[in-house]
Protein chains: 2
Amino acid sequence: MTIYLPALRRCSLFHNMADETILKLCQCLGGTIRQYPRGTILLLAGQPVNSAGIVLTGQLHAEQQTLGGEHIIVANHTAGSLFGDILMSGSRLSPVTLTATTNLTVLYFAMETILGDCGQHCQCHLQLRQNLLVGISEKFWAQQKKIGYLSMPSLRRKLLSYLLDQRTTDSDLDIFLPYNREELASYLGVNRSALSRELGRLQKEGILTFHKRQITILDLSRLLTQLSR
Amino acid sequence: MTIYLPALRRCSLFHNMADETILKLCQCLGGTIRQYPRGTILLLAGQPVNSAGIVLTGQLHAEQQTLGGEHIIVANHTAGSLFGDILMSGSRLSPVTLTATTNLTVLYFAMETILGDCGQHCQCHLQLRQNLLVGISEKFWAQQKKIGYLSMPSLRRKLLSYLLDQRTTDSDLDIFLPYNREELASYLGVNRSALSRELGRLQKEGILTFHKRQITILDLSRLLTQLSR
DNA sequence: GAATTGACGTTGCTATGGCAACATTTGGAG
DNA sequence: CTCCAAATGTTGCCATAGCAACGTCAATTC
């Protein structure tokens, strides 16, 4: 288990915990490790879920099938990601299919052991549950932000409000996008070429400059004006 | 406390629990009741949160201020609603402002008492935490659905995919909307009159009929075609 | 170095849908 | 019943943005 510490340290569940605590908890929770070759389906949409998993090595994604038959990727999990925590809907049937996009190692915990008493009254168990809740809350508010962008009435506003949120601080003017154009367009629910066009316009107007994924805001006050009117 | 049982029974936290269990838990968790006149701000965005609340009587809403300065309503809570459960983001600062839209009675629980051991190893405490998680998950997937609608490329598809989800069963063809036109348009992120126009077109094409909030699907297969192409 | 591929920018065409302004309906209030 | 206000339907105008098609650039392969 010690080999996987780097991944475990990154997991939201173990946020702010000492290495020994993490290892002790893994034991206490009775986690089981599984490995899957690339392409394996870990869980099919519509199946019940009773455990959460932490990605130790590799990558997986959660995708949902729309009524139209397309697949939308709800989440992408890399080393340290917790998944399955919010798959327990009321009926306990998963809305998404989980697929390994690379060879994959996963550590599973039964949800009940996280939520239940371990009988030892350990402080760390409380912390664990708080971390669980904080982690889920963050997923929720990340989604809420996305809804904010999607609800904007124009492409320009979608883009600008997204860019503002991507700054690391309020005074930061440089942004490095985590997506390429295609992915960004898809995230914002707009057409790729229309997105490129809008970026070009913003540059021509002197509001920002960009090169590939690197974007620099030139005129923050004018940018903000665009959003409020 | 017994007066409030009807509201408590409806709360996701106490789903599938007997009345005595609910009352016992309320005591065990050390809940405190507060009352507020209409218009009171219960929590200002940016403030830390350490407790969750259940609406006993009245109504409140959570609203978020956008960068542009507008307010968007994130949630609306009526009797039995649990709120504050997902306000614990990483920094523990609330992204939303909570305001009483009517006179209001609320039962608060410290989050720690829900997550921590009560020292009695009661089975109901485990159930409580599971209910908490299920409740939050449901909020997440409700949001996910909204994202699905907003991501659709046309007003028609936004509307139709929403309508399909509103059916109570897969074979049900009658829908009673929970929103008026204005609210529905806002929810779907489109213009009200454009929404009305699209509804009119769908009716003219014989795909559905409607009268106010009552909508009836006439040609389900053709409706589905519209979504897939 | 030629060729291939993938990411990104550019542009003309056109449908979609936002907007505004007005018409119609409905459900109370008096 | 009459009047009023709120909700909803209707329509013309036009900007926005989707779409397709193509051009450019850089990296990689052979």
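The sequence lines fix the lettering, A, B, ..., with proteins before strands; numbering per chain opens at 1. Only heavy atoms go into these numbers, but all of them, side chains included; no hydrogens, no water, no symmetry mates.
Across all strands shown, A:S196 has heavy atoms under 4.0 Å from base atoms, whether or not it also approaches the sugar-phosphate.
Rounding to whole angstrom units, CG of residue B:L159 and P of C:dG18 are separated by 12 Å. Note: CD (A:E183) to P (C:dG6) measures 15 Å, nearest angstrom. Atom NZ in B:K212 sits roughly 8 Å away from atom P in D:dG9 (whole-Å rounding). Between the CD atom of B:E198 and the C1' atom of C:dG18 there is a distance of 13 Å, rounded to whole Å. Atom CG in B:L177 sits roughly 13 Å away from atom C1' in D:dT8 (whole-Å rounding). For the pair A:E182 CD and C:dG6 C1', the interatomic distance rounds to 10 Å; values are reported in whole Å. Protein atom CZ of B:R156 is 9 Å distant from nucleotide atom P of C:dT16, rounded to whole Å. Here C:dA7 presents its P atom at 14 Å from CG of A:L184, a figure rounded to the nearest Å.
Residue B:Q143 is tested with A:Q144, A:K139, A:K146 for a side chain to side chain donor-acceptor pair (under 3.5 Å); the sole match is A:Q144. When each of A:D170, A:T225, A:I207, A:L164 is checked for a side chain to side chain contact (heavy atoms under 4.5 Å, CB included) with A:L220, only A:L164 meets the rule.
Checking the phosphate oxygens (OP1, OP2) of D:dG9, a side-chain nitrogen or oxygen of B:R181 falls inside 4.0 Å. A close approach under 4.0 Å does not occur between any side-chain nitrogen or oxygen of B:N191 and OP1 or OP2 of C:dG17.
Between A:P153 and B:R213, the residue anchored closer to the 5' end of DNA chain D is B:R213, taking for each the nucleotide with the nearest heavy atom. Positionally, the nearest nucleotide of DNA chain C for A:R197 lies more toward the 5' end than for the other of B:V190 and A:R197. Taking for each of A:L195 and B:Y179 the nucleotide of DNA chain D with the nearest heavy atom, the 5'-most of the two is the partner of B:Y179.
Nearest nucleotide to the side chain of B:S193, out of D:dT11, D:dA17, D:dA7: D:dT11. Among C:dG17, D:dA20, D:dT8, the nucleotide with an atom closest to any side-chain atom of B:R192 is D:dT8.
Between B:S12 and B:N131, the side chains place no donor N or O within less than 3.5 Å of an acceptor N or O (distance only, hydrogens not considered). B:T105 and B:Q35 are linked by a side-chain donor-acceptor pair at a separation below 3.5 angstrom, with hydrogens and angles left out of the test.
Less than 4.0 Å separates DNA chain C from no heavy atom of any residue of residues 200-211 of chain B.
Taking every heavy atom of both residues into account, A:G58 and A:L104 meet most closely at C-CD1, 3.8 Å.
Remark: A:Y108 engages no residue in a ring-ring contact (aromatic ring centres under 6.0 Å, His included) (not counting sequence neighbours).
Other residues, nucleotides and ligands contribute more than 12 heavy atoms inside 6.0 Å of the CZ atom of A:R213.
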